[in-house]
Amino acid sequence: MLGLGTVGQAVLSALTDNQETIAQRAGGPLNVKRALILHPERHLGHANLITTQWQEILADDEIAIVVEVMGGMEPAFTYIRRALAAGKSVVTANKEVLANRGDELFAAAELSGRDLLFEASVGAGVPVIRAVKLGLAGNRVHQVCGILNGTTNFILTEMAQGMVDYQQALAKAQALGYAEADPAADVDGHDSARKIAILASIAFSSRVVEADVRCSGIAQVQAADLAWGSRLGWVLKPMARARLVAEGLEVASYPAWVGPGHPLAHVDGIMNAVSVRAEPLGEATFTGPGAGGPATASAVLGDLIEAARNLRLGGHAVGCTCYRQLAIFDPARAEDAFYLRLTVRPERTVVSQIAATLAEHRVGLRQTLQAAAADGRGEVVVVTETCRRGDLDRALAHLAQSPSVFTLRPPLVVEAQSA
Ligand code: HSE
């Protein structure tokens, strides 16, 4: 094992608790021989397992499978690549490595004839990699979308249900241990971006990397937005979506409003879900715990058992399934409906001025709502028709110049089924 943090310890516990079942399913017992740790001072137990020397693991021919649960790009990437090159199978939970340099690791696995398995990298306890890669292999996928970050789903759920502000909800997520060492990757949308890159690569058989994903986070969302959303009958979700459009693949990670009929509307707290639209399937949604040691351990163990069975009984896990390279669609041309919130001068003509500016940039208006704001200002919420993001950005740059507009919050996407 590489890493003995929350996930690593949960894997060790489950290996003991489910020992008999695991041995039966893996074709024999699984014994943990070494656990590499970077901070020996933090680990009081497992004295018989722990080492700080990576070479001890790499050079040990008795070690057939390496489980990487340390996270981060380096040294994890190098350790995984070298373990595969040394003829060991690798099970990893590392979305950062997979979403950025997955192709190199698949090549290393192919060369040595070993398995590279990564179910825990997306959706933690929801076995969605296998579902899409194997179970749906006969389909043509049109869209895969999901709630892939437990931390931000928890924060937005808290903000909506408790009407607390962003900072209070984040503090609670941290106190409960949901936020990672660096919460920026969660709240800025990068964690979701990595996961949708991995999922999109599989769903569309075309490699998508983190840099291909248009990304925006939840730090700008205010309690006032959630109150407006609730008036509209919507909830805000940390969305990740990959869809096939005429020009190629559009992949994004962003907060989005969903209506009560959306398959992700009732996925709350740290729960994750993935919804796939495909032919001949139709639509299917997979839901489960998306963060935390035990849920992640569940996925790691499934992979570990597959790798062990393959080594004992012969056989290989399915490797890279990308057989084509689709173009990544220009985000400025992406089409969505949007929610806008502005504070304005309380003049009677202000809504028609906003509508006129939007119309000049080919942005239609579906709905407007108004309320009095503090300091004698007015607040206006606008829901647009489906429009191009680039057109909306130009309209907003124009509106920002208007003497009638005081503040303009960042636009939020309204998902299609929310109308
Ligand atoms: N920080 C991640 C999340 C953990 O909140 O979903 C699982 O990858």
Side-chain angles (χ1 to χ4, degrees), residues 2-3 5-11 14 67-73 76 80 91-100 102 117-130 144-159 166 169-200 202 210 213 215-219 221 236-241 253-256 264 267-275 286-303:
L2 308 182
T6 314
V7 176
Q9 292 185 38
V11 170
V67 175
E68 186 273 313
V69 284
M70 62 202 303
M73 199 62 192
I80 295 171
V91 172
T92 177
N94 196 319
K95 56 234 157 170
E96 195 173 350
V97 160
L98 259 300
N100 288 287
L117 290 162
F118 51 94
E119 183 63 71
S121 66
V122 180
V126 196
V128 72
I129 299 282
R130 263 188 195 71
V144 49
C145 74
I147 294 176
L148 299 179
N149 187 266
T151 306
T152 50
N153 198 28
F154 176 85
I155 291 173
L156 292 178
T157 305
E158 280 291 306
M159 286 175 75
Y166 170 76
L170 174 62
K172 188 165 174 190
Q174 281 169 330
L176 290 168
Y178 297 147
E180 295 210 5
D182 179 5
D186 293 318
V187 300
D188 294 341
H190 300 301
D191 179 79
S192 275
R194 290 167 190 151
K195 292 167 176 169
I196 194 69
I198 296 169
L199 215 43
I202 296 168
E210 184 181 348
V213 186
C215 190
S216 58
I218 63 157
V221 174
L236 192 65
K237 291 292 168 196
M239 186 69 66
R241 182 184 68 195
S253 155
Y254 54 99
L264 304 179
V267 178
D268 290 333
I270 61 152
M271 295 297 271
N272 276 196
V274 172
S275 186
F286 308 86
T287 314
T296 312
S298 161
V300 167
L301 290 168
D303 283 351

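Both counts, for ligands and for their atoms, begin at 1 and track the order of listing.
At a threshold of 4.5 Å between non-hydrogen side-chain atoms, the residues Lys237 and Asn153 count as touching. In this structure the side chain of Val67 never reaches within 4.5 angstrom of the side chain of Asp303, judged on heavy atoms. Using a 4.5 Å heavy-atom cutoff, the side chains of Pro183 and Thr151 are not in contact.
Comparing Asn149, Thr6, Ile155 by heavy-atom distance to atom 3 (C) of ligand 1, the nearest is Asn149. Taking only non-hydrogen atoms, the option from Asn153, Asp186, Ile270 nearest to atom 1 (N) of ligand 1 is Asp186.
Using a 4.0 Å cut-off to heavy atoms of Gly290, the atoms of ligand 1 that qualify are 6 (O), 7 (C). If you number the atoms of ligand 1 from 1 as listed, the ones under 4.0 Å from a heavy atom of Thr151 come out as 1 (N), 3 (C), 5 (O). Of all atoms in ligand 1, listed by their number and element, those nearer than 4.0 Å to a heavy atom of Lys95 are 7 (C), 8 (O). The atoms of ligand 1 that sit less than 4.0 Å from any heavy atom of Gly150 are 3 (C), 5 (O), 6 (O).
Taking 4.0 Å as the cut-off, Ala124 does not count as a neighbour of ligand 1 on heavy-atom distance.
Contact annotation: for Thr296 versus ligand 1, there are no heavy atoms closer than 4.0 Å.
Annotation: the span from Glu96 atom CD to Met73 atom CE amounts to 6.5 Å, rounded to 0.5 Å. To the nearest 0.5 angstrom, Leu199 atom CG is 11.0 Å from Ser192 atom OG.
Evaluated for a side-chain contact (heavy atoms from CB on, under 4.5 Å) with Tyr166, the options Leu156, Val221, Ile155 yield exactly one hit, Ile155.
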